[in-house]
Every structure is written in structure tokens, then in C-alpha cells.
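I have placed the structure first, in the form of C-alpha cells, so that the comments after it can refer back to it.
Along the sequence shown, residues are numbered consecutively beginning with 1.
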Amino acid sequence: MLLHSGWGDSSIWLPLLARLALRYRVVRYDQRGFGRSPAPESPYGQLGDLMAVLDWCDVAEALVVGYSGGAGPATGLALASPERLRGLMLLAPGVEDYPWPEDDPYVAEFVALLTAGNRAGLVSLGLRTWASAGADEAAQVQVRGAVEAIFRVGELERPDPPVYGRLGQIRVPAIMVVGDRDYPMVRDSAAAIAGRIPDCRTVGAPGADHMLPLRIPDQIATLIDELDASGT
């Protein structure tokens, strides 16, 4: 189960699919308002949507990969229904209730641009922040699509149950991956999240920014194999 970030959609997983499809049944989906999913019409939560997709696909147990904001529902599932996880992989993770620093320059600029409805400014901010290793066409597609999705979703997404203070209760095999060129605030959150999950293996991605599925697809696929083997 592949969960995308808030700065992209499920197409970001395309570089991994050919490799993963040799061994796994792969499920990926667009969050509401992102990619090919319609905009929400009523309040919703990401954890509830994840569980609904698992049920609809008749998946009793999965190795769950949560990328960036996708780590929120991934860790939420690990806490709410641990029997449904074979293993947990977190790529540059963030969770809603992590104590994000309000004085971080990115946060202030994002809020100002969002309030002003400045789509072009948000695209520029997204590329500078999340694609520091190179704003190639693939990264641009993800960021542009995400900016439009942010406005489609509006304020209908509701917070999932808090997880940050409960990460020590996770008992499934876990791996965390972060690029050394990721935004500092995310590197800090990734280290803090991994440090709270018992026996979580931390893996670095030299030269990679936040767009890990685009930058290191082969490394991610290899780590998925290793995580799968550890859960056998």
C-alpha cells in the first residue's frame, strides 16, 4: 500500500511499479481532490479513507509505505489496526500532531501565499523547498498538481487521531528513509518520528531531496523487499 504526500499524487509511485509488480500486489490511490480523485464534498479523514480502500480491495494485511504526509495515516493504521500491517516504511515522514515550529520560514510563507490564493507563488515555494536537488519536469508535475488540489480540498479534511505521542506503541517492523537534501524541518521530524518507533531502522539517501519516490526508486524497492522479509 503506497500513500503519497501532500505535495503530489499517486503518480509519483510510477518509477517503482515495474519493480514492485514482480513480487507484490500493489495498491495506490489519490487522496481526495488529488490526481484523479474528485474533490471532497463533506468532511473526511485520511485514516478512514485508508481503511476504506483496504476494505474495498479486500486487503487483510499490507506492507504500508507512507511518504511525507502519508506517514500520518500509515502510523495511524499501525496503532489502530496493527494486525493489518506486515511492515511500515516511512519516507521523509511528517505527522499532523508533530510539534512543527511555527517560526519556520516555510510555514510563514506557505500561509501567506495560501491566504492570498497565490498559486504561482505556492508552486515556486514547493519546488524550492521540496525539489532542491532539481526541479525537473516530474517534480514540477507533482507540485503543480498538488497546489491545485490544496484549493480543491479546502478545509474539509479533518485531523486524524493523534499519533506522535503514541509512536512507541508501534510493534511492526519499521524503516524510515530521509534524504540529506530534504528541508531541515522535515529532517528533524523524520528523526524524531523514527526515534520514537521501537527498533525503527533509519536509512539515509545521499543527494536526495524530499521527492524520494522520484529520486531513489530502486533503493526504496530494495528496502521494501528487505522489510517484507523481516516480517516473514
Side-chain angles (χ1 to χ4, degrees), residues 1-10 12-13 16 27-32 34 44-51 53-54 62-82 84-101 106-107 126 129-130 142 146 149 153 157-179 182-205 208-216 219-220 223-224 227 231:
M1 174 63 77
L2 306 176
L3 306 177
H4 69 78
S5 77
W7 280 94
D9 59 46
S10 68
I12 201 167
W13 300 112
L16 281 82
V27 178
R28 63 189 173 105
Y29 64 94
D30 290 314
Q31 297 173 19
R32 300 194 200 199
F34 287 75
Y44 70 98
Q46 287 198 39
L47 176 57
D49 281 357
L50 169 57
M51 297 180 80
V53 171
L54 288 169
L63 194 159
V64 178
V65 182
Y67 163 45
S68 189
T75 52
L77 183 68
L79 291 164
S81 298
R84 303 196 75 164
L85 268 74
R86 181 180 180 85
L88 176 66
M89 177 177 288
L90 304 176
L91 306 177
V95 295
E96 287 178 292
D97 58 321
Y98 171 78
W100 299 101
Y106 164 80
V107 175
T129 306
W130 310 124
Q142 293 296 316
V153 171
E157 183 180 340
R158 297 292 183 261
D160 285 331
V163 298
Y164 185 66
R166 301 174 57 213
L167 293 174
Q169 300 172 26
I170 293 177
R171 291 293 181 267
V172 298
I175 295 177
M176 189 279 291
V177 186
V178 66
D182 206 336
Y183 191 68
M185 181 174 66
V186 174
R187 293 202 306 270
D188 290 344
S189 74
I193 289 167
R196 288 179 171 229
I197 298 174
D199 301 318
C200 181
R201 176 184 169 194
T202 297
V203 178
D209 54 26
H210 195 67
M211 298 285 181
L212 292 178
L214 299 179
R215 308 309 191 199
I216 56 165
Q219 182 180 0
I220 293 171
L223 290 170
I224 288 174
L227 185 59

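- Looking only at side-chain heavy atoms (C-beta outward), Tyr183 and Asp209 stay at 4.5 Å or farther from each other.
- The side-chain heavy atoms of Arg84 and Leu54, taken from C-beta on, include a pair separated by under 4.5 Å.
- The backbone N or O of Met185 lies less than 3.5 Å from no partner atom in the side chain of Trp100, so there is not a single donor-acceptor pair.
- A distance below 6.0 Å separates the ring centres of Phe34 and His4.
- Nearest heavy atom pair, residue Pro73 against residue Leu3, reads CG-CD1, 4.2 Å.
- Contact between Ala71 and Pro93 at its shortest, heavy atoms only, is CB-CB, 3.5 Å.
- A donor-acceptor pair is defined here as one N or O able to donate and one able to accept, closer than 3.5 Å; such a pair exists between the side chain of Asp97 and the backbone of Val163.
- In this structure, CD in Gln219 is found 9.5 Å from CG in Leu91, a value given to the nearest 0.5 Å.
- Here the side chain of Arg28 pairs a donor or acceptor atom with the backbone of Ser10 at under 3.5 angstrom.
- In terms of heavy-atom proximity, Leu212 sits nearest to Tyr67 at N-OH, 4.1 Å.
- Atoms CG and CE, on Leu2 and Met89 in that order, are 10.0 Å from each other to the nearest 0.5 Å.
- Within the 4.5 Å cutoff, no side-chain heavy atoms of Tyr98 are placed close to those of Leu167.
- Side-chain atoms of Gln142 come within 3.5 Å of backbone atoms of Asp9 as a donor-acceptor pair (strictly under, hydrogens ignored).
- Judged by distance alone, the side chain of Thr75 and the main-chain N or O of Gly72 form a donor-acceptor pair under 3.5 Å.
- Here Arg171 contributes atom CZ and Leu85 contributes atom CG; the two are 14.0 Å apart, rounded to the nearest 0.5 Å.
- When side chains are defined from C-beta on, Met1 does not count as touching Leu77, because their heavy atoms never get closer than 4.5 Å.
- Residues Thr202 and Val177 fail the side-chain proximity criterion, which asks for heavy atoms closer than 4.5 Å.
- Shown here for Ile12 and Met211, the closest heavy-atom pair between the two residues is CD1-SD, 4.0 Å.
- Under the 30°/60° scheme for interplanar angles, the aromatic rings of Trp130 and His210 are found to be tilted.
- Contact of the Gln46 side chain with the Glu157 side chain is registered, since non-hydrogen atoms from C-beta on lie closer than 4.5 Å.
- Taking the ring axis of Tyr164 as reference, the NZ or CZ atom of Arg196 stays within 45° of it and closer than 6.0 Å to the ring centre.
- Annotation: side chain of Leu227 is in contact with side chain of Leu63 (closest heavy-atom distance under 4.5 Å).
- Atom-to-atom distance recorded for Ile170:CD1 and Ile197:CD1 is 4.0 Å, nearest 0.5 angstrom.
- Here the shortest heavy-atom pairing between Ala146 and Gly8 reads CB-N, 3.5 Å.
- A pairwise comparison of heavy atoms in Ile175 and Leu223 identifies CD1-O, 3.9 Å as the closest pair.
- With Ser68 contributing its side chain and Gly70 its backbone, the two residues share no donor-acceptor pair below 3.5 Å.
- A donor-acceptor distance shorter than 3.5 angstrom exists from the side chain of Glu96 to the backbone of Asp160, with no hydrogens or angles considered.
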